[in-house]
Amino acid sequence: MVNAHQVGKVPLSSMGANHPMISARRYFEEPAAYLLSQGGPSPARLVVDCSQNTQRKIEGSDAELDVEFDPDEYEFGRLAATLERRQVIEFAAVGLALLFLPNLADGQVTEVVQVNGRTDYWVNGRERLLEVSGTQDPSRLRTRHTEKVVQGGENPRRRPYFVSVSSFVDRRSIFSFHEVP
Amino acid sequence: MTLMELLQSDAALREVMTEKNAAILEADMLKSRGDLPGAIRQYRRAGELEYQIFRYLEDTGLPDAALINLISAASCWYEAEELLAARRAAHEALERCGSNERLAESCAQLLAKIERALSFSRAGEGMAPVPEPVKA
């Protein structure tokens, strides 16, 4: 990508300090490192489409992050043995969203709540919601993003929301921001 | 005052909310790993903490913010199979939804799920203890 904004090196472990209220490292760092490590060594270059992120603090509509991680810090074997693949993808996708929020917008996840069997992530108090999804199928990235935008628009809290959808095979993501219609 | 401003100035609330977040995430992780007894314990704890936060935010003059925690308390207690506590919280939440039709619909759906589960269980079991308020 020619005109992408270079965010530079971003340690995966930074999610802990950036989101101190949600034990981010405990739940989301290892799954993210696991899937990123399957695409090659550290750092993993992520290309993020930010064209619909009106909250962005970067120039341009795309961003590149070089995510640093140390595979020796984790127990990937235990992770793979105790979680189904789709669950690893789900947790890992949240992990990448936790990297995007402070680096591509001014967001900190401050609260996790349960609503009718689903987990909602609140950003900056109750200012914004975060919708997250992940996929192993690159051809599904845009469709999945569209689905999550629709889902976010139907949120009963009627708050503006971020959507973060990541494809781990080709290390591409879409990170966007939306007002409730 | 917004919830974010309150969080920045109120260390006690920050601490309780962080503990509650951890309980929900731990419960989700345990459920994903198939450890249902462990998940139930965490959801029960999360429900108690959500209710504490609800009471505290309401007393602090943030009823709209508090309502989200009340709904989450009902949802956590439902997951913890504390159905009577879940029903009580869901009823309280529904009464507070006011003109927010989407939120009311979401509460009504949760309440219907709880009532269905209650109809398959013996009434009177699984009542959660009355939570203590957050100390500022």
Side-chain angles (χ1 to χ4, degrees), chain A residues 15-16 19-31 78-92 94-95 98 106-130 132 151-159 180-181, chain B residues 1-8 14-15 17-35 43 46-47 50 53 57 62 64-80 90 93 97 100-113:
Chain A
M15 70 173 69
H19 306 277
M21 291 186 68
I22 59 160
S23 315
R25 293 196 69 184
R26 177 173 170 82
Y27 299 103
F28 307 114
E29 185 179 326
E30 188 173 42
R78 185 185 61 89
L79 182 77
T82 56
L83 282 182
E84 291 177 19
R85 184 78 177 173
R86 65 177 175 81
Q87 293 164 333
V88 174
I89 293 170
E90 206 172 290
F91 284 109
V94 176
L98 296 179
D106 280 313
Q108 177 197 141
V109 174
T110 48
E111 195 175 9
V112 181
V113 300
Q114 276 283 313
V115 180
N116 248 338
R118 55 169 281 165
T119 302
D120 279 351
Y121 299 90
W122 283 98
V123 177
N124 299 347
R126 294 281 164 69
E127 287 179 14
R128 288 140 177 42
L129 271 165
L130 173 65
V132 185
Q151 191 177 320
E154 293 168 348
N155 82 74
R157 281 73 66 204
R158 306 189 63 78
R159 293 290 195 280
V180 173
Chain B
M1 179 181 277
T2 65
L3 177 59
M4 192 61 187
E5 289 165 346
L6 185 61
L7 280 171
Q8 285 165 347
R14 220 164 41 237
E15 190 176 321
M17 201 171 270
T18 301
E19 186 183 348
K20 179 267 294 192
N21 291 342
I24 290 177
L25 291 173
E26 185 70 18
D28 285 352
M29 181 63 86
L30 291 170
K31 190 177 175 184
S32 296
R33 291 193 155 129
D35 180 356
Y43 281 127
E50 284 289 34
I53 295 167
L57 293 181
L62 293 172
D64 289 345
L67 179 56
I68 300 296
N69 298 99
L70 182 57
I71 295 169
S72 184
S75 297
C76 288
W77 275 325
Y78 171 78
E79 294 289 336
C97 283
N100 188 334
E101 289 177 11
R102 284 190 196 176
L103 204 54
E105 189 183 331
S106 180
C107 283
Q109 285 171 357
L110 175 60
L111 193 54
K113 261 178 23 177

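Just the heavy atoms: all of them, side chains too, but no hydrogens, waters or symmetry mates, feed the values below.
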Q) Roughly how far apart are B:Met4 CE and A:Arg128 CZ, rounded to 0.5 Å? A) 11.5 Å

Q) So what's closer than 4.5 Å to chain A heavy atoms on B:Glu50: side chain, backbone, both or neither? A) side chain

Q: Side chain from CB out, backbone as N, CA, C, O: work out which of these in B:Leu25 comes under 4.5 Å of a heavy atom of chain A, or both, or neither.
A: both

Q. Can you say whether A:Thr110 sits under 4.5 Å from chain B via the side chain, the backbone, both, or neither, judging by heavy atoms?
A. both

Q) Given that the side chain runs from C-beta out, which part of A:Glu111 has a heavy atom under 4.5 Å from chain B: side chain, backbone, both or neither? A) both

Q: Could you check which of B:Ala27, B:Gly34, B:Ala65 has the highest count of heavy-atom pairs closer than 4.5 Å to chain A?
A: B:Ala65

Q) With only heavy atoms counted, which part of B:Thr2 is less than 4.5 Å from chain A, the side chain, the backbone, both or neither? A) neither

Q) What residue among B:Ile68, B:Leu3, B:Asn21 forms side chain to side chain contact (heavy atoms under 4.5 Å, CB included) with A:Trp122? A) B:Ile68

Q. Taking every heavy-atom pair that is under 4.5 Å apart, which of B:Glu26, B:Lys20, B:Arg14 has the most such pairs with chain A?
A. B:Glu26

(Q) What part of B:Gln109 gets within 4.5 angstrom of chain A, counting heavy atoms only: side chain, backbone, both, or neither? (A) both

Q. Rounded to the nearest 0.5 Å, how far does OG of B:Ser32 lie from CZ of A:Arg86?
A. 7.5 Å

**Q.** Heavy-atom proximity to chain A below 4.5 Å, by part of B:Leu7
**A.** side chain

**Q.** For chain B, the option from A:Asn155, A:Ile22, A:Val113, A:Val115 that forms the most heavy-atom pairs under 4.5 Å
**A.** A:Val113

Q) How many angstroms lie between atom CD of B:Glu19 and atom CE of A:Met21, to the nearest 0.5 angstrom? A) 11.5 Å

Q.
Please report the interatomic distance CD(B:Glu105) to CD(A:Glu154), rounded to the nearest 0.5 Å.
A. 10.0 Å

Q: Report the C-alpha separation of B:Tyr78 and A:Gln114 in whole Å, then their side-chain angles, then the decisive distance to 0.1 Å, and conclude whether the side chain to side chain contact (heavy atoms under 4.5 Å, CB included) test is met.
A: CA-CA 10 Å; B:Tyr78 171 78; A:Gln114 276 283 313; over 6 Å; no

(Q) With rounding to the nearest 0.5 angstrom, report the CG to NZ distance, A:Asn116 to B:Lys113. (A) 4.5 Å

Q.
So, taking the atom named CZ in A:Arg126 and the one named CG in B:Leu6, what distance separates them when rounded to the nearest 0.5 Å?
A. 11.0 Å

Q | Backbone N/O of A:Gly117 and side chain of B:Ser75: donor-acceptor pair under 3.5 Å | A | no

Q: Just give me the residue among A:Arg158, A:Arg157, A:Glu84 that pairs up with chain B most often, heavy atom to heavy atom, under 4.5 Å.
A: A:Arg158

